[in-house]
Number of protein chains: 2
Amino acid sequence: MTYEQAELRADMLKALAHPVRVLIVDALTAGDRCVCELNALADIDQSGLSRHLAILKKTGIVSDRRNGMKVFYHLETPCILKALTCAFEAVKNHARRRASLLRAG
Amino acid sequence: MTYEQAELRADMLKALAHPVRVLIVDALTAGDRCVCELNALADIDQSGLSRHLAILKKTGIVSDRRNGMKVFYHLETPCILKALTCAFEAVKNHARRRASLLRAG
DNA sequence: CCACCATATGCGAATATGCGCATAAGGGCA
DNA sequence: TGCCCTTATGCGCATATTCGCATATGGTGG
């Protein structure tokens, strides 16, 4: 893999690597949501949420669509979920390994 | 998903979200490598590489094993590759969409 | 046009990340 | 023990992220 290819992948991962953005992507798997609905996900300023959405949009993970006064966000890359699930499984495995090491040692 | 669960996933993604670390994980899919081998992957200081490896190790993505003077790193979570592949496909889709928008508009 | 609602952006401050240099730490070998 | 090789860590600096506040923008309805 070239460095440039690695950079593309890293940019994608970086766009996802924030708890609020993970929550957003998770919520969008159930269907499109407007900003006002997503705002209930985390205890965060509205402007902050808007910025997180802009980050996801810039990398193409989500797209947006206006409907009257509201803007709805749509998950463009559902496969990104596999990444999240994998990450979660890996975290659990890691925790389990650490726990058994603590028991043994 | 709770905020705590999202934080765990985000930590995992953050650990991967750097081009050098992506290169490391990619290289380790072909088998264990010592630091001196990995050092050839990118034009980076040896201390920097060591730090990147420490980040991957802390989250459980890789583990290390001493063999004589050398330390070998091992990929603990090969499923993480699916995340990388997904990220890459998503990047390509995004680029394609942007390109066709440019053509149309 | 004006008031209002939903969303986005400018700005500054706090914090985190990444880097290189120097150096420490762990281990092999004479 | 002393020297060398491989890898890790302390430190300071530059840059990037994140956040909240204030405010701008786009759209609706009176």
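The sequence lines fix the lettering, A, B, ..., with proteins before strands; numbering per chain opens at 1.
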(message) Between the side chains of B:Asp32 and B:Arg65, is the shortest nitrogen-to-carboxylate-oxygen separation below 4.0 Å, so that they form an ion pair?
(response)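 Yes.
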
If I take atom [atom1] in residue [X] and atom [atom2] in nucleotide [N], what distance separates them, rounded to the nearest angstrom?
X: A:Ile55; N: D:dT18; atom1: CD1; atom2: C1'; result: 8 Å
X: B:Leu53; N: D:dT7; atom1: CG; atom2: P; result: 10 Å
X: A:Phe72; N: C:dA6; atom1: CZ; atom2: P; result: 12 Å
X: B:Asp11; N: C:dT17; atom1: CG; atom2: C1'; result: 14 Å
X: A:Leu56; N: C:dT7; atom1: CG; atom2: C1'; result: 16 Å
X: B:Glu37; N: D:dC5; atom1: CD; atom2: C1'; result: 15 Å
X: B:Asn39; N: D:dA8; atom1: CG; atom2: C1'; result: 13 Å
X: A:Leu13; N: D:dT17; atom1: CG; atom2: C1'; result: 17 Å

Does a side-chain heavy-atom distance below 4.5 Å link [X] with [Y]?
X: A:Leu56; Y: A:Leu28; answer: no
X: A:Leu53; Y: A:Asp64; answer: no
X: B:Ile44; Y: B:His52; answer: yes
X: A:Met12; Y: A:Ile61; answer: yes
X: B:Val71; Y: B:Arg66; answer: yes
X: A:Val20; Y: A:Leu41; answer: no

(request) Please check if B:Leu75 and A:Met1 belong to a single hydrophobic cluster, counting links between Ile, Leu, Val, Met, Phe, Trp and Tyr side chain heavy atoms closer than 4.5 Å. (result)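 In one cluster: yes.
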
(request) Check whether any side-chain nitrogen or oxygen of A:His18 sits under 4.0 Å from OP1 or OP2 of D:dC19, and answer yes or no. (result)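 For D:dC19, OP1 or OP2 has a side-chain N or O of A:His18 closer than 4.0 Å.
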
(request) Establish, with yes or no, whether the OP1 or OP2 oxygen of D:dT17 is under 4.0 angstrom from a side-chain nitrogen or oxygen of A:Lys14. (result)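 Yes, A:Lys14 has a side-chain N/O under 4.0 Å of OP1/OP2 on D:dT17.
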
(request) Taking only the side-chain heavy atoms of B:His52 (C-beta and beyond), determine which of D:dA8, C:dT7, C:dC19 contains the nearest atom. (result)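 Looking only at side-chain atoms, B:His52 lies closest to C:dC19.
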
(request) Using a 4.0 Å heavy-atom cut-off across all strands, classify B:Tyr73 as base, sugar-phosphate, or nothing. (result)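 If one applies the 4.0 Å heavy-atom cut-off, B:Tyr73 turns out to touch the sugar-phosphate alone, with no base involved.
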
(request) Can you check each nucleotide of nucleotides 20-30 of chain D against protein heavy atoms at under 4.0 Å and return B for base, S for sugar-phosphate only, - for none, in 5' to 3' order? (result) BBB----BS--

(message) Using a strict heavy-atom distance below 4.0 Å, which residues from residues 20-27 of chain A are in contact with DNA chain C?
(response)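 Per residue number, the list is empty: none.
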
(message) Between A:Arg33 and A:Ile24 (side chain of the first, backbone of the second, donor and acceptor by atom type, cut-off under 3.5 Å), is there such a pair?
(response)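 No, A:Arg33 side chain to A:Ile24 backbone: no donor-acceptor pair under 3.5 Å.
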
